[in-house]
Amino acid sequence: MATTEDTQLALSDNAARQLANATKTVPQLSTISPRWLVHMLQWLPVEAGIYRLNKVKNPLNVQVACASRDASELPQIFVDYEDQPREYFLNAVSTVLDVHTRVSDLYSSPHDQIKEQLRLTIETIKEKQESELINNADYGLLASVDDEQRISTLTGAPTPDDLDDLLTKVWKEPGFFLTHPRAIAAFGRECIRRGVPPPTVSLFGAQFITWRGIPLIPSDKVPIEDGKTKILLLRSGEKKQGVVGLFQPGLAGEQSPGLSVRFMGISRNAIASYLISLYCSLAVLTEDALAVLEDVEVDRYHDYPATYK
């Protein structure tokens, strides 16, 4: 029979694992999100980093006549353009990654240290890109909504009536709603309260709830302040005169559209440096391509009937 002392002298897990091979994962970064907005926008290449948005001046003055049988005079017109169209300049989201060559030489098995450092840095830059597309004070979605395209909730919580009102603002081929995940949950509660649970649709291999057939796309980059957020509605695409993303093509060290990774050399301290830059912007081609529902409360809950519990 083994004694207590014998048990204490047995090989333990802590000792044995020093000689065992372990399956190692790549580094996991909790801040990575699906970034659905980037996937759902149409992206246009921009020459020389500038995108000029030409618009028709006084569009209601462009008039035509339905010809009648008499010889009445036809209207004479020409389509005039704005004298000073807006120009969008690409912004750069950039950083410099430093890796000691000793680390990359000695510790790149089973996972390449430089490759993983670049992957994590690029993911972080892309997260910042989506945040800028929504929140940038110059070209972000929230700053680009025309005053006539802003409405407030009827009661605070996002209801089907509120989203219907929003659809009247972007009624020409609306593409998708964009809001914080908590606002989507709040909308779902209001729908269930009315007995009309919203249907779902599959996009990019994921499920999204919809309203009037339009998907509600979540993004944690839409800010929440004092328990309130906003719900955006977009029409996307150049042919639809909607919202488009802008990127610079043909960059040196291009990894993907608008993303550049360039090796900057090795310092005398044996530090290898990489410049990572992502050039992007966003343009709203016509005012009625974008609208926002403001003052959306996300913390309102209800006591549901037992059938919904």
Side-chain angles (χ1 to χ4, degrees), residues 31-46 49-55 85-95 122-153 158 166 169-170 174-184 214-226 228-238 240-248 256-259 276-296 298:
T31 56
I32 296 176
S33 69
R35 299 187 292 268
W36 301 119
L37 174 60
V38 175
H39 290 294
M40 300 193 74
L41 286 178
Q42 179 189 2
W43 289 88
L44 302 179
V46 175
I50 303 175
Y51 182 81
R52 181 178 295 125
L53 177 56
N54 293 310
K55 289 188 175 182
R86 177 172 177 178
E87 292 184 341
Y88 291 84
F89 297 87
L90 296 184
N91 281 16
V93 182
S94 302
T95 191
I122 289 171
E123 291 286 356
T124 303
I125 284 179
K126 289 183 176 181
E127 289 292 320
K128 180 63 174 177
Q129 174 199 27
E130 184 175 75
S131 178
E132 292 296 309
L133 293 175
I134 296 172
N135 298 295
N136 187 279
D138 179 40
Y139 64 82
L141 289 172
L142 292 175
S144 300
V145 182
D146 187 79
D147 289 341
E148 296 295 324
Q149 296 290 99
R150 297 178 181 272
I151 60 175
S152 295
T153 56
L166 198 56
K169 294 292 185 179
V170 189
F176 58 93
F177 298 98
L178 179 74
T179 189
H180 196 279
R182 290 177 63 188
I184 296 177
I214 309 300
L216 280 77
I217 304 300
S219 174
D220 62 350
K221 313 302 186 302
V222 180
I224 293 180
E225 297 178 359
D226 300 324
K228 295 182 178 180
T229 187
K230 305 175 190 294
I231 298 178
L232 291 152
L233 177 59
L234 293 74
R235 178 175 68 250
S236 177
E238 185 179 30
K240 297 179 180 180
Q241 300 185 112
V243 180
V244 295
L246 309 174
F247 74 95
Q248 180 69 36
S256 61
L259 176 67
I276 307 169
S277 301
L278 180 56
Y279 295 90
C280 67
S281 188
L282 179 144
V284 181
L285 301 187
T286 55
E287 288 80 2
D288 65 357
L290 177 65
V292 64
L293 176 66
E294 300 180 320
D295 302 320
V296 177
V298 298

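Here, residue 1 is the first one in the sequence, and each next residue gets the next number.
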Sub-4.5 Å side-chain heavy-atom contact between Ile276 and Ile122
yes
Sub-3.5 Å donor-acceptor pair from the side chain of Gln248 to the main-chain atoms of Tyr279, do we have one?
no
Tell me, with the steps shown, if Lys128 and Glu123 meet salt bridge (charged side-chain N to carboxylate O under 4.0 Å, His left out).
CA-CA 9 Å; Lys128 180 63 174 177; Glu123 291 286 356; over 6 Å; no
When you look at Glu87 and Leu53, which way does the side-chain contact (heavy atoms from CB on, under 4.5 Å) test go after all the steps?
CA-CA 6 Å; Glu87 292 184 341; Leu53 177 56; over 6 Å; no
Value rounded to 0.5 Å, distance of CD1 in Ile134 from CG in Leu232:
7.5 Å
Between CG of Leu259 and OG of Ser277, what distance do you get to the nearest 0.5 Å?
8.5 Å
For a 4.5 angstrom cut-off between non-hydrogen side-chain atoms, does Leu133 reach Leu141?
no
What I want to check is whether the side chains of Thr286 and Arg235 have a donor and an acceptor closer together than 3.5 Å.
yes
If every non-hydrogen atom of Leu293 is compared with every non-hydrogen atom of Ser152, which pair is closest and at what distance?
CD1-C, 3.6 Å
Might you work through the side-chain contact (heavy atoms from CB on, under 4.5 Å) test for Gln241 and Lys55, ending with a clear yes or no?
CA-CA 11 Å; Gln241 300 185 112; Lys55 289 188 175 182; over 6 Å; no
Go through the steps to decide whether Lys169 and Asp147 satisfy the test salt bridge (charged side-chain N to carboxylate O under 4.0 Å, His left out), and finish with yes or no.
CA-CA 11 Å; Lys169 294 292 185 179; Asp147 289 341; over 6 Å; no
What pair of heavy atoms forms the shortest contact from Pro85 to Asn54, and how long is it?
CG-OD1, 3.4 Å
Strictly distance-based, threshold 3.5 Å: is any side-chain N or O of Glu294 a donor or acceptor partner for the main-chain N or O of Arg150?
no
Donor-acceptor check, side chain of Thr229 to backbone of Pro223, threshold 3.5 angstrom: yes or no?
yes
Assess, by modelled atom type and distance only, whether the side chains of Glu127 and Ser33 contain a donor and an acceptor separated by less than 3.5 Å.
yes
Between Lys221 and Glu132, is there a salt bridge with N-O shorter than 4.0 Å?
no
Within the 4.5 Å heavy-atom criterion, are Phe176 and Leu37 side-chain neighbours or not?
yes
Indicate yes or no: at least one non-hydrogen side-chain atom of Ile217 is less than 4.5 angstrom from one of Phe177.
no
Looking at side-chain heavy atoms only, is the closest gap between Asn91 and Ser281 below 4.5 Å?
no
How close do Pro174 and Ile214 get, heavy atom to heavy atom, and via which atoms?
O-CD1, 3.6 Å
Would you compute the distance between atom CG of Leu216 and atom CD1 of Ile231 and round it to the nearest 0.5 angstrom?
6.5 Å
What is the minimum heavy-atom distance between Pro158 and Ala183, and which atoms define it?
CG-O, 3.9 Å
Lys230 NZ to Leu142 CG distance, which is reported to the nearest 0.5 Å:
6.5 Å
Check ion pair Lys240-Asp288 (N to O, under 4.0 angstrom):
no
Where Ala143 and Asn136 come nearest, the two heavy atoms and their spacing
CB-O, 3.7 Å
Around atom CD of Glu225, are there more than 12 heavy atoms of other residues, nucleotides or ligands at under 6.0 Å?
no
Rounded to the nearest 0.5 Å, how far apart are CG of Leu246 and OH of Tyr88?
8.5 Å
What is the distance from atom CD of Glu130 to atom CG of Leu282, rounded to the nearest 0.5 Å?
11.5 Å
List the steps, then state whether side-chain contact (heavy atoms from CB on, under 4.5 Å) holds for Leu166 with Ile151.
CA-CA 7 Å; Leu166 198 56; Ile151 60 175; 4.0 Å; yes
Short question: side chain of Ser144, backbone of Tyr139 - any donor-acceptor pair under 3.5 Å?
yes
Please lay out, stage by stage, how Ser256 and Lys126 fare under the test side-chain contact (heavy atoms from CB on, under 4.5 Å).
CA-CA 11 Å; Ser256 61; Lys126 289 183 176 181; 4.3 Å; yes
Donor-acceptor contact below 3.5 Å, side chain Asp226 vs main chain Lys228:
no
Sub-3.5 Å donor-acceptor pair from the side chain of Trp43 to the main-chain atoms of Val38, do we have one?
yes
Testing the basics here: between Arg182 and Ile224, what is the closest heavy-atom pair and its distance to 0.1 Å?
CD-CD1, 3.9 Å
For residues Thr179 and Val296, determine if any side-chain heavy atom of one lies less than 4.5 Å from a side-chain heavy atom of the other.
no
Using only atom types and a distance under 3.5 Å, with no angle test, would you say the side chain of Ser219 pairs donor to acceptor with the backbone of His180?
no
